[in-house]
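As the structure is a prediction and not an experimental result, all values here were calculated from the model. Just so you know, ligand 1 is whichever comes first in the structure, and atom 1 is the first atom listed for that ligand.
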Amino acid sequence: MNWSKDILNKIEFDNISNIEEKRKLGEIIASKVQDGQVIGFGSGSTSYMATMAIADRVKNEKLNIIAIPTSYEIKMLCNYLGLRTASLMEYKPDWSFDGADEVDDNSWLIKGRGGASFKEKLNIVNSPITYILIDKSKKVSKLGEKFKIPVECVLESINYVKEELIKLGGRDITLRKAKGKDGPVITENSNIILDVKFESIEKQLEKQIKSIPGVIESGLFIGYNVEILEY
Ligand code: 5RP
């Protein structure tokens, strides 16, 4: 028997900014899909639009692909749309796609507004290439000019992590609050997120943040194998 899956139809994104640009980016990424491929799926509204476009192609052309999703949100969307999903335990992606919050001229990124940067980074390092889909609002001349850096850490470590982030130059550190639940955001890995402002982001900062005991991952992506697709 098949489930009706109507419970999943509320996975849709509300109020998508620059939706026409994101729709076009979705079409561009969907045109890269080939039968039999394993593809890493990012998270956020741009990835949502890309997933919809890929699902259309898969359905119309009866393609067989496997999606490696980076969040419950995209996993559930894939499930709703009939796209087969698996994890990095079973498959290595042929390529991945994702969105970003900020991209600079060096293709350094800030990601993680959606709280999924841990698995997003895992997909990126496991993929020969990851296409980062951005509309013009994502380009910045100085990384960190609009967004804080999300730092996912183990709950017990937050006071220590906060002090260490301040030593690295972090300011205005806030615990990310949940919407639809009291208290903090609890990530898909059962951790919390501190959002941290850095006035200056140097090459070593990602590794410095990651080396703080208690930190699981940050939303800073410096020097990864990415290709920026802007529309
Ligand atoms: C989620 C992410 C997203 O890719 C990033 O926040 C961009 O989101 P959107 O496509 O909605 O602008 O990193 O953790």
Side-chain angles (χ1 to χ4, degrees), residues 11-30 39-54 67-78 93 95-104 107-127 129-140 143-153 174 176-179 184-197 201 206 209 215-222 224 226-231:
I11 284 299
E12 67 201 26
F13 249 88
D14 298 325
N15 306 321
I16 298 180
S17 61
N18 300 323
I19 189 162
E20 287 315 318
E21 287 84 348
K22 288 176 182 173
R23 200 186 309 281
K24 187 68 194 167
L25 288 161
E27 286 167 15
I28 292 168
I29 207 69
I39 300 170
F41 280 47
S43 297
S45 61
T46 314
S47 295
Y48 170 88
M49 298 297 285
T51 304
M52 301 287 279
I54 290 172
I68 313 277
T70 48
S71 59
Y72 289 149
E73 148 219 341
I74 293 295
K75 185 181 165 102
M76 291 164 90
L77 180 64
C78 287
W95 54 273
S96 292
F97 68 86
D98 207 338
D101 300 310
E102 287 188 9
V103 180
D104 75 3
S107 300
W108 294 4
L109 322 171
I110 291 181
K111 292 180 46 51
R113 177 203 48 76
S117 58
F118 178 43
K119 283 195 178 164
E120 290 170 345
K121 202 170 278 188
L122 279 179
N123 262 12
I124 288 179
V125 297
N126 278 280
S127 301
I129 186 76
T130 298
Y131 299 102
I132 301 295
L133 311 175
I134 57 161
D135 59 74
K136 292 194 170 39
S137 70
K138 309 297 180 71
K139 276 307 280 271
V140 293
L143 209 64
E145 73 186 32
K146 296 181 187 166
F147 278 80
K148 293 179 175 180
I149 298 175
V151 177
E152 178 168 342
C153 57
T174 45
R176 195 178 296 187
K177 280 177 67 177
K179 295 186 182 118
V185 162
I186 304 295
T187 69
E188 296 174 17
N189 320 295
S190 304
N191 299 308
I192 53 91
I193 295 175
L194 297 176
D195 289 299
V196 193
K197 176 87 186 155
I201 295 178
E206 181 185 356
I209 294 174
V215 169
I216 301 297
E217 198 45 86
S218 80
L220 194 53
F221 291 65
I222 295 183
Y224 289 82
V226 295
E227 185 175 322
I228 310 298
L229 295 183
E230 183 177 347
Y231 189 83

Side chain proximity check, Pro93 to Asn126, heavy atoms < 4.5 angstrom: yes
From CD1 (Ile132) to OG (Ser107), nearest 0.5 Å: 9.0 Å
More than 12 heavy atoms from other groups under 6.0 Å of OH on Tyr224: yes
Qualifying residues under salt bridge (charged side-chain N to carboxylate O under 4.0 Å, His left out), relative to Lys75, sequence neighbours excluded: none
Ligand 1: protein residues within heavy-atom distance under 4.0 Å: Lys22, Ser43, Gly44, Ser45, Thr46, Asp98, Gly99, Ala100, Asp101, Lys111, Gly112, Arg113, Gly114, Gly115, Ala116, Glu120, Lys138
Euclidean distance, Glu102 CD relative to Ile110 CD1, rounded to 0.5 Å: 4.5 Å
Neighbour count above 12 (heavy atom, 6.0 Å) for Lys177 NZ: no
